[in-house]
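The first residue in the sequence is number 1, and the count goes up from there. Keep in mind it's a predicted model, so treat the numbers as computed, not measured.
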Amino acid sequence: MSDSHLTAFCFLSSILALIAIFIFTRRKKPSLNLPPGEMGWPLLGETIGFLKPYPAVTLGEFMEKHIARYGTIYKSNLFGGPAIVSADAGLNRFILQNEGKLFEASYPRSLEAVLGKWSMLVLVGDMHRDMRNISLNFLSYASLRTHLFKEVERHALLVLTSWKQNCTFSAHEEAKRFTFNFMAKHIMSLDPANLETEQLKREYVSFMKGVVSPAPLNLPGTAYRKALKARSTILKIIEAKMERRARRIRKGNASLEEDHDLLNWVLKHSNFTSEQMLDLILSLLFAGHETSSIAIALAIYFLRGCPRAMQQLREEHVEIVTSKKQRGEVDLTWDDYKRMEFTHCVVNETLRLGNVVRFLHRKALKDVRYKGYDIPCGWKVLPVISAAHLDPALFDQPQQFNPWRWQGNNNKTGSCQNASNIFMPFGGGSRLCAGSELAKLEMAVFIHHLILNYNWELVDADQPFAYPYVDFPKGLPIKVQSHSVI
């Protein structure tokens, strides 16, 4: 065989071998079995439809149509990339239980820019764990039982006792006043009447409008641009406070009151940089104020539409106060809080039906297979928490406010079995909200004093909407009348 023939033979053999290897590997690696769905428009995908506002006690037209067409797990293109959307309670729990193993938090960069790269919401791994541990220490069971409990009641009364007879105001704004003042006090020892507190509160309003903006465009005049500017101002206020406190600590002049706040603890016991401390404080102010205030406003809204629940609440709280008077006691105690059995039912039902947290942002760290579907590595994964809470297969008449469903195993009124696996108003797994118990405490204490001292009516037609953050378009205007039942 000539050299030319040998060369041609070797070349042809190589080509055939490569073709055989290609065919073999293609057969060995089957194509992905993605969930059904559609990817929508280039770049935008289906994001606009997904974020379209809708009544908060529903899943919204977009989700309802997609679930009806594709099922509870479907693919889409959201927030700039391919995504798997889960309205499946089992998959949602699976995602949250495998945080850091198969999935991790992955929020849009626009949110990271306004909250900060060291915000607990966007952090993952060891740094998130360290910051979360500080938050858990600050909001520990022991802290809630002792000084935090008393301060929650004090700040609730500061707001409630300022209401005038037949006065009309925004219930949501009053709830914000309560939760913001409480968090500002216990993070940085800022008093409600302090000018610094009022400036911080004003800037925070602009900040929040940008955080929740469905169109985070960094252009002049946009809510997002204003939020970035407000963030800068807020951080300057916090930094100035931090520097003054650090000087007092070095001189040994920190007050006893300041010894209990978060800023003092972080300065004394952490190795965080100034930037990390600032983002931690800002993220706690955001998380500890916004979610609790809308939850309280939702309770006011739902209770007004359920006179039977209001009556049972009054009876429960009258009984608590009457027994305290007989013992010569005045202030609420932790034991009183634990006795508020029906109140806890109202809190749970408010969180279930109101769904303050609608969905979470995650991404797959590995290729994952669930119920026969493939979730490719790197894809966004959006567990829709509200879907399980509003699922008629899990909760009887899910769009009805029914606190009695939480009493024991009363299946006739719609309580569900294994509720802890389905009911996740504060997320779950290793990223379970560190302030979940504080939020429920704030709701219960506020309801206690509200139900004993006031009647209220809704002044204007208003209802909660999901933007996707939950809000009342008109602020939930109410008119109150003093009503002492003891």
Side-chain angles (χ1 to χ4, degrees), residues 46-67 78-79 85 87 108 110-111 168-177 179-180 204-217 222-224 226-227 286-287 289-306 347 349-361 382-391 395 397-402 424-427 439 443 456-478:
E46 297 186 294
T47 306
I48 294 175
F50 186 79
L51 295 178
K52 184 179 178 181
Y54 55 89
V57 297
T58 73
L59 287 179
E61 184 181 3
F62 178 92
M63 279 293 294
E64 288 170 356
K65 284 186 175 180
H66 277 63
I67 291 171
L78 299 168
F79 304 102
V85 180
S110 58
L111 192 61
T168 300
F169 50 79
S170 163
H172 191 191
E173 287 303 316
E174 290 298 283
K176 286 181 181 179
R177 185 157 67 101
T179 58
F180 186 90
Y204 193 81
V205 171
S206 296
F207 172 77
M208 272 307 305
K209 287 179 180 177
V211 169
V212 299
S213 172
L217 301 174
T222 62
Y224 187 73
K226 291 175 183 177
F286 161 68
H289 153 62
E290 197 63 29
T291 51
S292 297
S293 62
I294 187 61
I296 290 169
L298 284 165
I300 292 172
Y301 172 77
F302 291 138
L303 284 170
R304 184 62 267 176
C306 189
V347 167
E349 184 67 350
T350 297
L351 295 171
R352 181 200 67 79
L353 183 55
N355 287 296
V356 176
V357 178
R358 314 296 294 190
F359 63 91
L360 303 171
H361 288 265
L382 303 177
V384 182
I385 304 300
S386 57
H389 297 169
L390 297 173
D391 187 345
F395 292 93
Q397 296 182 304
Q399 293 179 352
Q400 179 182 333
F401 181 73
N402 177 11
M424 296 185 289
F426 298 103
M443 291 177 72
W456 68 94
E457 58 187 78
L458 305 183
V459 174
D460 203 353
D462 202 3
Q463 65 172 315
F465 268 77
Y467 291 91
Y469 66 96
V470 179
D471 198 9
F472 287 89
K474 300 176 183 178
L476 189 58
I478 63 170

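How far CD1 of I67 is from CG of D391: 8.0 Å, rounded to the nearest 0.5 Å. With rounding to the nearest 0.5 Å, the separation of OG1 in T47 from CZ in F62 is 8.5 Å. In this structure, Q400 CD and C306 SG are separated by 8.0 Å, a value rounded to the nearest 0.5 Å. Of the inter-residue distances, the one linking L390 atom CG with R358 atom CZ reads 6.5 Å to the nearest 0.5 angstrom. A distance of 9.0 Å separates CG in L360 from CG in L382, rounded to the nearest 0.5 Å. Note that CE of M63 and OG of S386 are 6.5 Å apart. Values are rounded to the nearest 0.5 Å.
No donor-acceptor pair under 3.5 Å is formed between the side chain of R352 and the backbone N or O of P425. At distances below 3.5 Å, at least one donor-acceptor pair connects side-chain atoms of R304 with backbone N or O atoms of W456.
Atom CD of E61 sits in a sparse spot, with 12 or fewer heavy atoms from other residues, nucleotides or ligands closer than 6.0 Å.
The two residues V57 and Q399 make their nearest non-hydrogen contact at O-CG, 3.3 Å.
Taking the six-membered ring where the residue is Trp, the centroids of H66 and F50 are separated by 6.0 Å or more. Aromatic pair F286/F180: centroids not less than 6.0 angstrom apart. F472 and Y301 have their aromatic ring centers within a separation under 6.0 angstrom.
Using the six-membered ring where Trp is involved, H289 and Y204 have ring planes that are perpendicular, over 60° apart on the 30 and 60° scheme.
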**Request:** Test side chain to side chain contact (heavy atoms under 4.5 Å, CB included) on V384 and V85 and set out the steps.
**Result:** CA-CA 7 Å; V384 182; V85 180; 3.8 Å; yes
**Request:** Check step by step if side chain to side chain contact (heavy atoms under 4.5 Å, CB included) holds for F302 and E349.
**Result:** CA-CA 9 Å; F302 291 138; E349 184 67 350; over 6 Å; no
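Taking 4.5 Å as the limit, some side-chain heavy atom of F465 sits within range of a side-chain heavy atom of P55. Counting heavy atoms from C-beta on, the side chains of H172 and I296 never come closer than 4.5 Å. Within the 4.5 Å cutoff, the side chain of L476 has heavy atoms near those of the I300 side chain. Using a 4.5 Å heavy-atom cutoff, the side chains of H361 and P108 are in contact. The closest side-chain heavy-atom distance from F426 to L351 is below 4.5 Å. Using a 4.5 Å heavy-atom cutoff, the side chains of F169 and E174 are in contact. Between Q397 and F395, every side-chain heavy-atom pair lies at or beyond the 4.5 Å cut-off.
Applying the salt bridge (Lys or Arg N to Asp or Glu O under 4.0 Å) test to pairs two or more places apart or on separate chains, those with a residue in residues 457-466 are D460-K474.
For the pairing with M443, the side chain to side chain contact (heavy atoms under 4.5 Å, CB included) check across T350, T179, L298 returns one residue only, T350.
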